[in-house]
2 protein chains.
Amino acid sequence: MKIETDLMRGAGPAAVLKLLERRPMYGYELVDALDRATQGVLAMGQSTLYPLLYNLEAKGLIEGYWRQADDTGKERKYYRLTPRGRKRLAADARQWRRLTAAMSALGVVSFVPGVAR
Amino acid sequence: MKIETDLMRGAGPAAVLKLLERRPMYGYELVDALDRATQGVLAMGQSTLYPLLYNLEAKGLIEGYWRQADDTGKERKYYRLTPRGRKRLAADARQWRRLTAAMSALGVVSFVPGVAR
DNA sequence: GTGGCATACTATGCCACGCCAAGTATACGG
DNA sequence: CCGTATACTTGGCGTGGCATAGTATGCCAC
């Protein structure tokens, strides 16, 4: 189900940025969301996700802030996209389009461009 | 034009295996073929490709053999797929289909499955 | 009330691998 | 005969996924 490590390197950051584009989320929530949204393909453990978040924050692509949860009242660390993160996500999307096109050209996969959204 | 390092990690080996599936090639030829076939997207330097070849050979996915070139008469080191390499390529293709589907589900890219070939 | 389990975040260290840089060797064209 | 293209090899650095472990809190069954 899960993809191999070296694919995760390329896809992980872009996937997280994409999820955070919709709405701010906290770490544990992201672990679950990634798993569900991709049917386990991009499922990553906590020890992969948290350092990834710290890394994205250090690069100024996302920013974290502590906020009390509505349900439990417990403090959770939410992350949201920064303007730079939005630009990076757009750049990542371009890279992925190019890459998918290249892999199709080689015949590794057979995907064709779909409708833009 | 060129994709970033972490994408190359996931795509590089599969791309090389795919090229070698058609016919045996030698290192320098592969550098050029990768560049041309993907419009520079998967272009990699010699210091990336050669170690990659050694690595694939160590894993038993390809095998190298010295052979005299038809044109110059010079010895070149050709590589061909092993049966295990063929299986690995099929597995890589499955991973890439899953990954592309996952990235599409997230909305990072908008590609849809094309016709099988 | 307490022991176990789910939730939620942090920290340490290993290992693989892309790539920069540098080196070697041969053939060919001017 | 010297520069350039071809062709292969090697050393070392930096990045980042992931296994492992640790901390803390809230909930629920018994």
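To find a chain, count down the sequence lines: A is the first, B the second, and so on, and within it residues start at 1.
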Respond yes when some side-chain nitrogen or oxygen of N55(A) is under 4.0 Å from OP1 or OP2 of dG16(D), and no when none is. yes
State whether S47(A) places a side-chain N or O below 4.0 Å from either non-bridging phosphate oxygen (OP1 or OP2) of dC18(D). no
Look at the side-chain N and O atoms of K74(B) and state whether any lies under 4.0 Å from the OP1 or OP2 oxygen of dA5(D). no
Residue closer to the 5' end of DNA chain D, P13(A) versus Q46(A) (nearest nucleotide): P13(A)
How far apart are the closest heavy atoms of L52(A) and P13(A), and which atoms are they? CD1-CG, 3.9 Å
L52(B) CG to dT10(D) P, straight-line distance once rounded to whole Å: 16 Å
Any side-chain N or O of K77(B) less than 4.0 Å from the OP1 or OP2 oxygen of dT6(D)? no
For a quick check of understanding: with a heavy-atom distance under 4.0 Å over all strands, which category does G27(B) fall into, base, sugar-phosphate or nothing? sugar-phosphate
dA29(D): pairing nucleotide in any strand, Watson-Crick or G-U under 3.5 angstrom: dT2(C)
With a 4.0 Å cut-off on heavy atoms, is T5(B) in touch with a base, just the backbone sugar-phosphate, or nothing at all? sugar-phosphate
Check whether Y54(A) and L56(A) end up in the same hydrophobic cluster, where Ile, Leu, Val, Met, Phe, Trp and Tyr are linked by side-chain heavy atoms less than 4.5 Å apart. yes
Is the shortest side-chain N/O distance from Y50(B) to OP1 or OP2 of dC8(D) below 4.0 Å? yes
Given the rule that I, L, V, M, F, W and Y join up when any side-chain heavy atoms are under 4.5 Å apart, are Y65(A) and Y50(A) in one cluster? yes
Expressed in angstrom and rounded to an integer, what is the separation of M44(B) atom CE from dC17(C) atom C1'? 12 Å
Nearest whole angstrom, please: distance from the C1' of dA27(C) to the OH of Y28(B). 13 Å
State, yes or no, whether a side-chain contact exists between F111(B) and M103(B) at a heavy-atom distance under 4.5 Å. no
Given atom CG of L7(A) and atom C1' of dA16(C), what is their separation to the nearest angstrom? 14 Å
Would you say a side-chain N or O of Y54(A) is under 4.0 Å from OP1 or OP2 of dT10(C)? yes
Take atom CG of L42(A) and atom C1' of dG17(D), then tell me their distance rounded to the nearest Å. 13 Å
Whole-Å distance, E75(B) CD to dA27(C) C1', equals 14 Å
In terms of ring plane angle, is the pair W96(B) and W96(A) parallel, tilted or perpendicular, where the classes change at 30° and 60°? tilted
Nearest nucleotide by nearest heavy atom, which residue falls closer to the 5' end of DNA chain D, P51(B) or Y26(B)? Y26(B)
Passes salt bridge (Lys or Arg N to Asp or Glu O under 4.0 Å), R23(B) versus E29(B)? Steps please. CA-CA 12 Å; R23(B) 62 182 171 86; E29(B) 190 183 9; 2.9 Å; yes
Side-chain N or O of K59(A) closer than 4.0 Å to phosphate OP1/OP2 of dG16(D): yes
Whole angstrom value for the distance that separates P of dC17(C) from CG of L61(B): 11 Å
Taken to the nearest whole Å, CE/M8(A) to P/dA16(C) is 19 Å
Among dG18(C), dC9(C), dC8(D), the one nearest R9(B) by side-chain distance: dG18(C)
Going by purine N1 to pyrimidine N3 plus the second Watson-Crick contact, or the G-U wobble pair, all under 3.5 Å, which nucleotide sits opposite dA8(C)? dT23(D)
Determine: side-chain N/O of R76(B) to OP1/OP2 of dA7(D), distance under 4.0 Å, yes or no. yes
